[in-house]
Amino acid sequence: MAAQTLILIEHDRRQVKRPSLHAVTAARQLGGDYAFLLLGSGMEDMARSLTGYGAAVLVADDAALAEPLADRYAAVIADAFRKASARTLLATSSTFSKDILPRAAALLEAPMLTDVVAIEEKEGALSYRRPVSAGSMLATVQLKGDKRVLTIRAAAFAAPEGDATSSPVENLAVDASSLPNGMQFVSREERASDRPDLTEARVVIGGGRPLKDKETFDRLVGGLADSLGAAIGATRAAVDTGLAPNDYQIGQTGKVIAPELYIALGISGAIQHLAGIKDSRVIVAINKDPDAPIFQMATYGLVGDLHQLVPQLIEAIGRS
Amino acid sequence: MTQPIAKILVAFKSVPDPYEEAAPGGSGATAKSVINPFDEIAIEEALRIRERGEATEIVGLTIGPVTVDEQVRAALAMGVDRAIRIDDPRALDPYAVARILRAAVEKEAPQVVLMGKQAVDDDSNQAGQMLAGLLGWPQATFVSKIEFLDNGARARCTRETDAGLEVLEVNLPAIITTDLRLNEPRYVSLPGLMKARKKPIEVVNYELLGMQVEPLTTIISTVRPPKRTAGTRVETVEELVAKLKEEAKVL
Ligand SMILES: Cc1cc2nc3c(=O)[nH]c(=O)nc-3n(C[C@H](O)[C@H](O)[C@H](O)COP(=O)(O)OP(=O)(O)OC[C@H]3O[C@@H](n4cnc5c(N)ncnc54)[C@H](O)[C@@H]3O)c2cc1C
Ligand SMILES: Nc1ncnc2c1ncn2[C@@H]1O[C@H](COP(=O)(O)O)[C@@H](O)[C@H]1O
């Protein structure tokens, strides 16, 4: 099955990650036909869930692919890319795609761009925009050659509309014995949570260094999140000091979010943190320092001690 | 572990100081350059591995023009045993960096290459994974803990992922890229810096690596993105809730 663009789909072994699908919008902007590429073990249901986007679904389904080990995944992806005579390998930015796609790019001898936020065509040549230096600059980049690998920011490309055309599912043959074998999966530590996913949530509460200890963080940041059905995020300082787990970190080197509402509690507004929250529609900052940089970009700023203000806020929201 | 790893290579990049405001204009340059923070963590980890007797030699390597020698000195001052600078004045992309590093790795033959997960100027997060692909070596990215097993034949690495933590084992030789929580790099002491001034830096012209590496990406312009502007100060929690409901309509 030939396709000009292959979209690598991410999943958590149970279901497809919704932001993965935003790459469809980027593929449509690139033009030409596109297909989904799904790797894993026992993928039948997930493959079926991907029909209805105008894309064929290429599935590499094998016990050897049960865990996303970069050496195997990159080999299978590069192989599928060659067989499809594709030109673009595309995925939504995440630790999954950032781990695997650069390796696949090297196998394909193709240039790669991370975190693309816009695709433009000028005089027949494609150019790509991406933030650099913690988002303090936007670079416009062109690529040489006839192949390319891109990860896109989910927030910059809308969730795709469905497409009525049929979507054939095609199984890719996997020769497990020929796959690289130098990496072994040992274990995974993930907390089950009732809260929405940080990168998909409508409302996010972020906590910073002054939350002091885990108990305070959970009571104030967690309490406010519960009252709004929100996800929780944190600064690097809060993660480094053990107030919050690593996957809560928002920013240049953590997650990038774009919720309707972000409430920053005790966060100074370092450029590395702002890099992850800039595209939020409404930003609220609560900080005791009236000169904190976060106030220069917050939609609403409230100066004061979060230990007093956050319980009041939880109560006020409960009343309303 | 009884048999130490003979050689760890650390690839580091010189970047504008992330704690400084960039000069206006769009180049991203700041007055001061530093070792990329993730690479400083990689150097620190290599030193700790050597200090606990699990490695013998730590080689630092960077690709860049003569102006990055200050960061090479800083790496020597931290404690790397020797340093190589591949002299290349061009603007490189991660794929070009990975291809140059491959030539260097083939020459130096280390058992482990430690790198940063991302250079904080280009924010690519690619070069380590690409190098692993080019060499056909296992990779462990975004790592917050490293342990060596089986007499240095394998490494068990904890990785920071979007969903939490993951543990992998990789056969050596392997590429390992660092995340923020791996360690806290030491400060460079003044005597360390003095001593480093006397250590030689091996400078290799990139053309002598005997291969043609052309970057495939070209930055045609950089602009400052539109800034968000400061909104409204509110005095009380009640006023805030009212604004969120009636003005912003998010509650
Ligand atoms: C390579 C690199 C990568 C990085 N990546 C990231 C990243 O991805 N994400 C990230 O967030 N950071 C990142 N950082 C760190 C970043 O530079 C800042 O250090 C960090 O964001 C600061 O976190 P903070 O705002 O919680 O802490 P601080 O800067 O210490 O700010 C705490 C704020 O709380 C306020 N405060 C104190 N007490 C109270 C109180 N009782 N009530 C109300 N307000 C109070 C203070 O006025 C202050 O403004 C990175 C740094 C580097 C070098
Ligand atoms: N010019 C360079 N010289 C040496 N190592 C580099 C260079 N550029 C990038 N690296 C390494 O590659 C890692 C990832 O960089 P990047 O893919 O550009 O984000 C960095 O953390 C360094 O370890």
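Proteins get letters first, then strands, A, B, ... in listed order; numbering begins at 1 in each. This structure is a prediction, so every number in the text was calculated from the model and none was measured.
Inter-residue side-chain proximity for A/V203 and B/V250 is flagged as unmet; no heavy-atom pair is nearer than 4.5 Å. Residues B/D39 and B/V15 fail the side-chain proximity criterion, which asks for heavy atoms closer than 4.5 Å.
Using a cutoff of 4.0 Å between basic side-chain nitrogens and carboxylate oxygens, A/D247 and A/R191 are scored as salt-bridged. Using a cutoff of 4.0 Å between basic side-chain nitrogens and carboxylate oxygens, A/E67 and A/R188 are scored as salt-bridged. Between B/K32 and B/E70 there is no salt bridge, since none of the side-chain N atoms of the basic residue sits less than 4.0 Å from a carboxylate O of the acidic one. Salt bridge status for A/E200 with A/R18: absent, with no side-chain N to carboxylate O gap under 4.0 Å. With respect to B/K243 and B/E239, no salt bridge is recorded, no charged nitrogen being found less than 4.0 Å from a carboxylate O. By the 4.0 Å N-to-carboxylate-O rule, A/D115 lies too far from A/R130 to be salt-bridged with it. Taking 4.0 Å as the cut-off between side-chain N and carboxylate O, B/R186 and B/E44 count as a salt-bridged pair. A salt bridge links B/D121 with B/K13: at least one charged nitrogen is closer than 4.0 Å to a carboxylate oxygen. Under 4.0 Å is where a charged nitrogen must lie from a carboxylate oxygen, and between B/E214 and B/R90 at least one such pair does.
Both the backbone and the side chain of B/Q126 come within contact range of chain A, each with at least one heavy atom under 4.5 Å from a heavy atom of that chain. Contacts between A/L113 and chain B at a heavy-atom distance below 4.5 Å involve backbone atoms as well as side-chain atoms. A/R202 touches chain B through its side chain: at least one heavy atom from C-beta onward sits under 4.5 Å away, while N, CA, C and O do not. Looking at B/A98, there are no atoms closer than 4.5 Å to chain A (heavy atoms on both sides), in backbone or side chain. For a residue to count as touching a neighbouring chain, one of its non-hydrogen atoms must lie under 4.5 Å from one of that chain's; by this rule B/D162 touches chain A with backbone and side chain alike. For B/P215, the part lying under 4.5 angstrom from a heavy atom of chain A is the backbone only. Using a 4.5 Å cut-off between heavy atoms, B/L165 touches chain A through backbone and side chain atoms alike. Interface remark: A/L107 contributes side-chain atoms only to the contact with chain B (heavy atom separation under 4.5 Å). Both the backbone and the side chain of B/Q139 have a heavy atom closer than 4.5 Å to some heavy atom of chain A. At a 4.5 Å heavy-atom cutoff, A/D197 makes no contact with chain B through either its backbone or its side chain. With a threshold of 4.5 angstrom between heavy atoms, A/A298 approaches chain B through N, CA, C or O but not through any side-chain atom. Interface remark: B/T236 contributes backbone atoms only to the contact with chain A (heavy atom separation under 4.5 Å). Residue contact with chain A, scored on non-hydrogen atoms closer than 4.5 Å, involves the side chain of B/V241 exclusively. Within the 4.5 angstrom heavy-atom criterion, atoms from both the backbone and the side chain of A/K98 approach chain B. Heavy atoms of A/L69 lying under 4.5 Å from chain B belong exclusively to its side chain. Heavy atoms of A/Q272 lying under 4.5 Å from chain B belong exclusively to its side chain. Using a 4.5 Å cut-off between heavy atoms, B/R99 does not touch chain A at all. At a 4.5 Å heavy-atom cutoff, A/A275 makes no contact with chain B through either its backbone or its side chain.
Between chain B and the residues A/I283, A/L274, A/I294, the largest count of heavy-atom pairs under 4.5 Å involves A/I283. Among A/V132, A/L138, A/I317, the residue making the largest number of heavy-atom pairs under 4.5 Å with chain B is A/L138. For the options A/A285, A/P245, A/S94, heavy-atom pairs under 4.5 Å to chain B are most numerous at A/S94. Of the listed residues (B/K245, B/R154, B/E184), the one with the most heavy-atom contacts under 4.5 Å to chain A is B/K245. Interface check for chain A: of the options B/L216, B/T229, B/D122, the most heavy-atom pairs under 4.5 Å are formed by B/L216. For chain A, the option among B/L131, B/D93, B/L172, B/N125 with the highest count of heavy-atom pairs below 4.5 Å is B/N125. Among A/T151, A/D71, A/V282, the residue making the largest number of heavy-atom pairs under 4.5 Å with chain B is A/V282. Listed options B/T232, B/I219, B/D179, B/V170 were ranked by heavy-atom pairs under 4.5 angstrom with chain A; first place goes to B/T232. Counting heavy-atom pairs under 4.5 Å between each of A/P290, A/S187, A/P111 and chain B puts A/S187 at the top. Heavy-atom pairs under 4.5 Å with chain A peak, among B/T141, B/T177, B/L251, B/T158, at B/T141. Ranked by heavy-atom pairs shorter than 4.5 Å toward chain A, the options B/N171, B/I220, B/V167, B/V120 are led by B/V167.
The shortest non-hydrogen separation linking B/Q71 to B/F12 is O-CE1, 3.9 Å.
Looking at B/T161 and B/E166, their side chains never bring a donor and an acceptor atom within 3.5 Å of each other.
Between A/Y73 and A/F96, the angle of the ring planes goes over 60°, which puts this pair in the perpendicular group of the 30/60° scheme.
Partners of A/Q249 by side chain to side chain contact (heavy atoms under 4.5 Å, CB included), not counting sequence neighbours, listed by chain and number: A/R236, A/V239, A/T253, B/L180, B/R181.
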**Item:** From CA spacing to verdict: side-chain hydrogen bond (donor to acceptor under 3.5 Å, both in side chains), B/Q3, B/N151
**Value:** CA-CA 6 Å; B/Q3 186 90 29; B/N151 231 346; 5.3 Å; no

